[in-house]
Amino acid sequence: MNPRSAPECIFLQVLLALSFLAASVSTAFCLDSAPHSAMDPGLPNEYGRVIYQKNQDATNQIFIIGQSHRSGANGKNGEHTVQAQIEIYRIGEWLIRQKNVELLLPEGFFQKGLVQSDAQGRAYANYAPATLDSERLRNRLQDTRRFVSADTLLSAQYPIRLGQVEDEELYRTVSHLVRKIGNRKEDLNPAFFEELNDYQRKRTAIMLQNIPFAVENVFQRGDIENKHAIFTIGMAHIADIIEFFHAKNRGETAENDDLLSSPAVDLLEEGYGVTVILPKSLADDGHVLRLTRLEQVASP
């Protein structure tokens with residue numbers, strides 16, 4: 001593979017700043033967006049935009065939401081982080097209440113210890129406490145003294161189960177590489193970014209492969225009544241994910257990447273529908289869409 005130029009390396013660092021543990025910088029491609037008339041019209045426009053759907057009438061549904069996280073290098077909020085997290089919280093809240101989603105699969109989440117499986121005592125989402133008001137929600141998400149995100153607030157506010165799709169060893173490898181970007185003493189050459197990109201694409205593949213297993217595991221325990229789940233993941237992974245599904249629709253393999261050609265088949269062949277949603281603040285920012293290669297698919 002040819003070494004990347006200095007401008008491309010700068011592009012990589014900018015993209016990493018947009019999303020925690022996100023460095024998706026493959027060769028640009030054109031994604032065909034689905035007709036907007038085919039998208040689910042129910043999601044309020046002020047929360048976000050549906051940019052891709054497949055098998056929306058399937059019994060089992062996965063809702064993929066693009067994230068803007070705090071920086072993986074310094075823990076600070078970026079330009080869009082707080083507003084995007086507010087919108088992600090509202091999208092998740094709407095999916096819980098309107099689509100009866102009872103399972104949340106956050107990027108970077110790891111199950112610790114035994115999981116309670118007493119379905120008899122489980123409260124239903126529609127009977128959760130009143131929603132957080134906008135001011136309180138913003139204040140919670142702006143506070144960088146502690147780790148807080150739309151995912152943690154949703155799991156605290158609603159009786160929604162959490163599931164793990166990450167491979168811990170791979171996650172820690174990527175985390176170590178991301179932290180190097182914040183260390184100015186490190187020599188970050190083009191080969192470093194190529195390595196990080198390869199690991200990130202592998203993470204994307206493994207997380208997609210693990211979704212059906214994670215959902216089935218919680219469902220078989222009796223902790224959820226349906227196989228609907230929210231999967232939250234950094235914006236920089238979204239273009240790869242949609243391209244996997246587009247390639248499968250065409251009966252093709254994702255360009256130059258056999259590793260990432262099978263997970264989409266696994267998810268779809270297991271009987272799941274897929275909906276990809278971007279928070280409004282990210283979907284409306286042309287610069288962010290260009291950096292994450294979503295300009296074509298996410299255009300209004």
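None of these values were measured; they are calculated from a predicted model. Index from 1, following the sequence.
When atom types are taken as modelled, the side chain of Gln164 and the backbone of Glu166 share a donor-acceptor pair closer than 3.5 angstrom. Of the possible donor and acceptor atoms, none in the side chain of Asn55 sits under 3.5 Å from a partner among the backbone N and O of Ala58. Gln56 places no side-chain N or O within 3.5 Å of a backbone atom of Gly273 that could act as its donor or acceptor partner. For the pair Arg49 (side chain) and Ala283 (backbone), a donor-acceptor distance under 3.5 Å is present. No donor-acceptor distance shorter than 3.5 angstrom exists from the side chain of Asp223 to the backbone of Arg161, with no hydrogens or angles considered. Glu102 places a side-chain N or O within 3.5 Å of a backbone atom of Glu225 that can act as its donor or acceptor partner. In terms of modelled atom types and a separation under 3.5 Å, the side chain of Asn197 and the main chain of Phe193 share no donor-acceptor contact.
Taking Lys280 as the reference, Glu87, Asp284 meet the side chain to side chain contact (heavy atoms under 4.5 Å, CB included) condition, with sequence neighbours excluded. By the side chain to side chain contact (heavy atoms under 4.5 Å, CB included) test, Ala191 is found to be paired with Asn189, residues two or more places apart in sequence or in another chain being considered. Residues that satisfy the side chain to side chain donor-acceptor pair (under 3.5 Å) test with Arg136, not counting sequence neighbours, are absent from this structure.
Glu93 and Leu154 get closest at one heavy-atom pair: N-CD2, 3.7 Å. Counting all heavy atoms, side chain and backbone alike, Gly234 lies closest to Glu107 at N-OE1, 2.7 Å. Minimum interatomic distance between Thr292 and Val288 (heavy atoms only, all atoms of both residues): OG1-O, 2.8 Å. Minimum heavy-atom separation, Ala229 to Leu105: CB-CD1, 4.0 Å. Closest approach of Arg90 to Leu132, counting heavy atoms only: NH2-O, 2.8 Å. Taking every heavy atom of both residues into account, Phe192 and Leu177 meet most closely at CZ-O, 3.1 Å.
In this structure, Leu141 CG and Leu153 CG are separated by 5.5 Å, a value rounded to the nearest 0.5 Å.
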* Taking it one step at a time, do Leu137 and Gln85 satisfy side-chain contact (heavy atoms from CB on, under 4.5 Å)? -> CA-CA 9 Å; Leu137 180 58; Gln85 288 292 314; over 6 Å; no
* Asked: Given Leu104 and Ile96, is the side-chain contact (heavy atoms from CB on, under 4.5 Å) satisfied, shown in steps?
  -> CA-CA 10 Å; Leu104 177 61; Ile96 291 168; over 6 Å; no
* To do: Starting from the C-alpha separation in whole Å, work towards a yes-or-no answer on side-chain contact (heavy atoms from CB on, under 4.5 Å) for Thr59 and Lys227.
  => CA-CA 8 Å; Thr59 301; Lys227 297 181 183 180; over 6 Å; no
* side-chain contact (heavy atoms from CB on, under 4.5 Å) assessment of Tyr272 paired with Lys54 -> CA-CA 9 Å; Tyr272 287 90; Lys54 177 67 177 176; over 6 Å; no
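Between Tyr158 and Tyr89, the two ring planes are tilted [angle within 30° to 60°].
Between Leu196 and Val174 there is a side-chain heavy-atom pair separated by less than 4.5 Å. Put simply, the side chain of Phe109 reaches to within 4.5 Å of the side chain of Leu162, judged on heavy atoms.
Each of Thr204, Ile64, Ile242 was checked for a side-chain contact (heavy atoms from CB on, under 4.5 Å) with His237, and the lone residue meeting it is Thr204. No option in Leu267, Ile211, Ile241 other than Leu267 meets the side-chain contact (heavy atoms from CB on, under 4.5 Å) test with Val274.
Donor-acceptor pairing under 3.5 Å is lacking for the side chains of Asp240 and Gln200.
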